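Below is one structure, written out as structure tokens; the observations come after it.
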Amino acid sequence: MDFSVKAVVTVKKGEARRLKAGGLWIYDNEIDTVTGSPEDGALVRVHDFDGYVLGTGFINRKSKITVRMLTREKDAEINEAFLEKRVRAAWEYRKRTVDTSSCRLIFGEADFLPGLVVDKFSDVCVVQSLTLGIDRLKPVILEALKKVLAEDGITLRGIYERSDAKVREQEGMERFKGFLSESFDTEVEIVENGVRYLVDVADGQKTGFFLDQKYNRFAVQRLCKDADVLDCFTHTGSFALNAGIAGARSVLGVDASASAIEQARKNAELNGLSDRVSFQCADVFELLPEMVQKEQQYDVVILDPPAFTKSRSSVKNAVKGYREINRRGLCLVKDGGYFCTCSCSHFMTPELFAETIAQAAKDVRVRLRQVEYRTQAADHPILWSADESYYLKFYIVQVIRTF
């Protein structure tokens, strides 16, 4: 592995404000000069306009985010020891903050390893590598990860790569998925909040399972005893199964993906909940208006939609989408019942999301009493100087129709 620094990148005077405030990215229009001829993915030293050393990162001129920083330390050497230290810090943080039986071990920029995601599902790890520089460092990082886990008596059965996201193409990289170890059964059983799941790490969405909602799912449990529950965008049934295991009277989970619904039914059977938890393959956007028209209502309604926007330019349309889906969802909650709603889009700010929910409530003439506001689980840490790491907003409110 070549860890040598290949060039010096100098930023323009007055630019790279986010970097200087603690961020990890330098955009193409912030760069003044590149001294040397580094190949994309190579390590580079970054200087301010006056020669002050800002740190070391890796360069990719195919990407608008041209340099991603690995360290701000002036004299730091990027080598095996450096990367092991990063991995060890990430693991020690998880051991302190979350249940590590299944968790996100590395969360990109928030763990100072830009573009790398590693999820642990029991004794299997799933890797997603989204930047060229980190892709080159990936073998060393994974060896360090196996070493650090082994020190705590954890032996991985296998590693699978899910670098099949379209964003890789923006880095000039091909999409890839496949084994990074000896092959193994890619349907992995995990336990979370007392609920058992079969996770399809090869063909499930993203890395196979959404770990970021772990404690939000647990928070919903206490609302669901003896309740009739509707779980919209259920995916493989995670919120629905948490409701069922908490003692719900009935649960209906809805999702447009036939494969996700099939997996959800298997998960319900795995937990002995098939008698109370059922699933329907349907487009939520089409189904909810029909339910509203039929005046169906539930004690608890959960909305966990996909991101309506992945760019700043489409936020206005996303607000309309969130407002409409929340209007429909609120109509389906009984007086005094509970409504759980979330957004997983970074560009939908907490303030804008709250405003959108409030407007939806006003539209359907209900009052909301906030139970709690939550974000992503701590294994998806929010780095205050990296706004992109803060993406999940989750509200639990009580819906009041009469007072």
Side-chain angles (χ1 to χ4, degrees), residues 192-199 204-205 209-210 213-214 216-306 321-322 324-344 357 360 364 366 371 394-399 401:
E192 178 196 273
N193 303 336
V195 181
R196 297 166 68 192
Y197 301 94
L198 293 172
V199 177
Q205 285 191 35
F209 188 76
F210 297 110
Q213 293 272 30
K214 179 187 296 188
N216 299 338
R217 292 190 274 262
F218 187 67
V220 165
Q221 284 194 18
R222 65 176 177 270
L223 305 174
C224 293
K225 185 172 175 55
D226 300 322
D228 294 313
V229 180
L230 175 65
D231 175 22
C232 301
F233 309 99
T234 191
H235 190 226
T236 56
S238 55
F239 275 106
L241 295 170
N242 274 266
I245 209 165
R249 183 167 45 245
S250 70
V251 185
L252 174 62
V254 181
D255 200 277
S257 167
S259 60
I261 288 295
E262 182 183 353
Q263 191 78 11
R265 288 177 177 142
K266 289 168 69 175
N267 287 335
E269 186 177 350
L270 188 65
N271 288 276
L273 294 171
S274 299
D275 59 330
R276 283 179 286 148
V277 181
S278 61
F279 296 96
Q280 181 177 348
C281 186
D283 186 326
V284 172
F285 297 98
E286 295 177 1
L287 182 64
L288 292 196
E290 295 175 13
M291 289 181 156
V292 172
Q293 191 172 18
K294 293 176 183 177
E295 298 184 344
Q296 293 177 241
Q297 288 195 320
Y298 297 82
D299 299 295
V300 179
V301 173
I302 302 160
L303 291 184
D304 183 17
Y322 280 115
E324 182 60 24
I325 200 73
N326 279 278
R327 283 178 58 191
R328 302 293 188 187
L330 285 166
C331 288
L332 295 170
V333 184
K334 295 177 183 176
D335 185 20
Y338 294 90
F339 183 59
C340 308
T341 184
C342 65
S343 166
C344 61
I357 298 167
V364 298
V366 298
V371 178
F394 186 91
Y395 276 101
I396 301 176
V397 294
Q398 187 181 35
V399 178
R401 301 186 180 282

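It should be emphasised that the depicted structure is a prediction, and the values quoted were computed from it without experimental measurement.
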May I have the step-by-step check of salt bridge (Lys or Arg N to Asp or Glu O under 4.0 Å) for Asp228 and Arg249, ending in yes or no? CA-CA 6 Å; Asp228 294 313; Arg249 183 167 45 245; 3.1 Å; yes
Derivation and outcome, side-chain contact (heavy atoms from CB on, under 4.5 Å), residues Phe339 and Asn326: CA-CA 9 Å; Phe339 183 59; Asn326 279 278; 3.3 Å; yes
What verdict does the side chain to side chain donor-acceptor pair (under 3.5 Å) test give for Tyr322 and Ser343, after you've listed the backbone C-alpha separation in whole Å, the side-chain angles of each residue and the deciding distance to 0.1 Å? CA-CA 8 Å; Tyr322 280 115; Ser343 166; 2.9 Å; yes
Could you walk me through whether Ile302 and Val220 pass the side-chain contact (heavy atoms from CB on, under 4.5 Å) check? CA-CA 9 Å; Ile302 302 160; Val220 165; 3.8 Å; yes
Evaluate side-chain contact (heavy atoms from CB on, under 4.5 Å) for Leu332 paired with Val292, printing each intermediate quantity in order. CA-CA 6 Å; Leu332 295 170; Val292 172; 3.9 Å; yes
Yes or no on salt bridge (Lys or Arg N to Asp or Glu O under 4.0 Å) for Glu269 and Lys266, after CA distance, side-chain angles and deciding distance? CA-CA 5 Å; Glu269 186 177 350; Lys266 289 168 69 175; over 6 Å; no
Could you give me the CA-CA distance, side-chain angles and deciding distance for Arg196 and Asn267, then say whether side-chain contact (heavy atoms from CB on, under 4.5 Å) is met? CA-CA 7 Å; Arg196 297 166 68 192; Asn267 287 335; over 6 Å; no
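No side-chain heavy atom of Val251 sits under 4.5 Å from any side-chain heavy atom of Arg276. For the pair Phe279/Val254, no side-chain contact is recorded, criterion being any heavy-atom separation below 4.5 Å from C-beta on. Taking the side chain as every heavy atom from C-beta outward, Asp231 and Leu252 never approach each other to under 4.5 Å. For the pair Thr236/Phe209, a side-chain contact is recorded, criterion being any heavy-atom separation below 4.5 Å from C-beta on. Counting only heavy atoms from C-beta outward, the side chains of Met291 and Tyr298 approach each other to under 4.5 Å.
Between Lys334 and Asp299 a salt bridge is recorded (basic side-chain N to carboxylate O distance below 4.0 Å).
If you look at Phe285 and Phe233, their ring centroids are closer than 6.0 Å.
Heavy atoms from other residues, nucleotides or ligands lying under 6.0 Å from CD of Gln280 number more than 12.
A donor-acceptor contact under 3.5 angstrom links the side chains of Asp304 and Gln213, judged on distance only. There is no side-chain donor-acceptor pair under 3.5 Å between Thr234 and Asp255. For Ser238 and Arg217, the side-chain atoms include at least one donor-acceptor pair closer than 3.5 Å.
Ring geometry, Phe239 versus Phe394: the interplanar angle falls under 30°, so the pair is classed parallel (tilted spans 30 to 60°).
When the options Val397, Val229, Leu223, Val301 are evaluated for a side chain to side chain contact (heavy atoms under 4.5 Å, CB included) with Cys340, the one that passes is Leu223.
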